[in-house]
Amino acid sequence: MDRKLTSVNANGRNYNIPARPVVVVCVDGCEPDYITQAIEAGMAPYMKRMLEKGTSLVGDCVVPSFTNPNNLSIVTGAPPSVHGICGNYFLDPATGKEVMMNDAAYLRAGTILAALSDAGLKVAVVTAKDKLRSLLGHGMTGICFSAEKADKATLMDGGIEGVPALVGKPVPSVYSADLSEFVFAAGVKLLETERPDVMYLSTTDYVQHKCAPGTDGANDFYAMMDDYLAQLDMLGAVIALTADHGMSPKTDAAGNPRIVFLQEVLDTLAGAGEGRVILPITDPYVVHHGALGSFATVYLKDTASAPAITAQLRAIDGIETVLTRGEAAQRFELPPDRIGDLVVISDHLTVLGTRASEHDLSGLTVPLRSHGGLSEQKVPLLFNCRLQNLPEGRRWRNFDIFDLALNHARVTTS
Ligand SMILES: [Zn+2]
């Protein structure tokens with residue numbers, strides 16, 4: 001690389017070239033309490049050390065508190081108004097069709113990872129689910145593969161081959177804790193063999209959807225993670241950990257899901273065919289949450305009806321906030337052309353569906369836990385080193401993680 005270069009720029013922010021490998025970890029669905037409980041149970045000794053010797057902040061993720069908008073915010077260092085990805089789906093106004101936003105064609109900004117690789121740094125990305133791979137790896141040279149399709153990675157498309165043999169594990173099931181373990185195991189192997197300058201590891205929230213903080217299932221997962229983080233530390237990495245979003249129980253005391261079927265409500269309020277509800281959480285992997293989250297967007301045929309419908313929706317038990325497109329775009333920094341006329345957010349214990357008949361809940365073998373709303377906005381920002389020169393009184397975002405790791409980590413002591 002060009003040794004004269006000391007920093008790169010992405011989306012208006014500068015990022016220093018690191019002297020030591022930096023590993024940014026996005027733990028999917030990591031409500032801060034998962035870490036607290038695992039440490040309390042004595043199952044995460046390394047993370048306990050991070051709290052004592054490093055830095056722990058709490059920040060806000062992007063709303064909708066979903067996986068893709070937040071992963072893209074983290075790797076661009078910018079909100080969805082800049083990068084364009086505000087969910088898995090949006091309604092294309094030109095065709096009236098629901099369009100999946102998993103394709104890099106919908107990305108409106110370059111990533112920090114691409115800027116670093118352009119500058120000649122060695123960059124590696126490992127994601128659990130394949131749906132994020134092309135978005136995270138967009139414009140980047142280096143290593144980029146998913147655990148889900150680890151055996152399909154090639155030198156041409158992924159910058160690496162023979163991943164299962166390197167990691168020493170078979171390709172895991174997409175619905176398993178093993179999928180995330182594979183990400184960490186691959187991260188450790190990559191740091192040992194390839195020693196990337198910057199690495200981004202992104203897991204899946206399979207465990208967090210099923211297990212509350214402090215339960216055996218959750219603590220086992222964090223113990224697994226803790227062991228790999230300790231190995232990354234031993235290999236000399238600066239570790240910066242955050243989450244794409246938190247996770248909440250979405251049930252009553254009996255464990256039954258609390259659901260507002262918004263399309264049914266809208267049909268009653270405005271008349272059938274007058275409004276269309278889009279749930280941007282919908283994706284090809286819905287077994288563990290039944291496509292139920294706390295964020296929905298509504299497209300109205302007659303936007304003049306918006307104020308009346310907004311008032312009526314706000315009165316419904318379980319609905320926390322209803323905003324117009326303009327209000328939502330401003331408050332949550334969303335691209336106005338990719339959200340509907342209204343944005344509806346349900347509360348801590350409630351999710352939003354379309355119609356009862358459109359959600360298959362047979363895969364929910366445990367009480368529903370999900371995300372998407374304001375109640376899942378708090379996420380941890382955890383570092384294995386002290387941070388320096390931090391501005392006072394700032395509201396931290398999960399998409400500040402690269403800035404904090406590359407520009408503020410004090411790496412002289414370990
Ligand atoms: Zn997620």
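Both counts, for ligands and for their atoms, begin at 1 and track the order of listing. Predicted, not measured: the structure shown is a model, and the values here were computed from it.
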N, O or S atom within D244 nearest to the Zn ion (ligand 1), by name: OD2
2.8 Å cut-off met by an N, O or S atom of T67 to the Zn ion (ligand 1): yes
Y34 and F221 aromatic centres sub-6.0 Å: no
Carboxylate-amine/guanidinium proximity below 4.0 Å for E98 and R276: yes
The Zn ion (ligand 1) to D28: nearest N/O/S atom name: OD1
H245 backbone or side-chain N/O/S under 2.8 Å from the Zn ion (ligand 1): yes
Matching residue for Y200 among I74, V126, V25 - test: side chain to side chain contact (heavy atoms under 4.5 Å, CB included): I74
Residue E274 excluded, over 12 heavy atoms near CD under 6.0 Å: yes
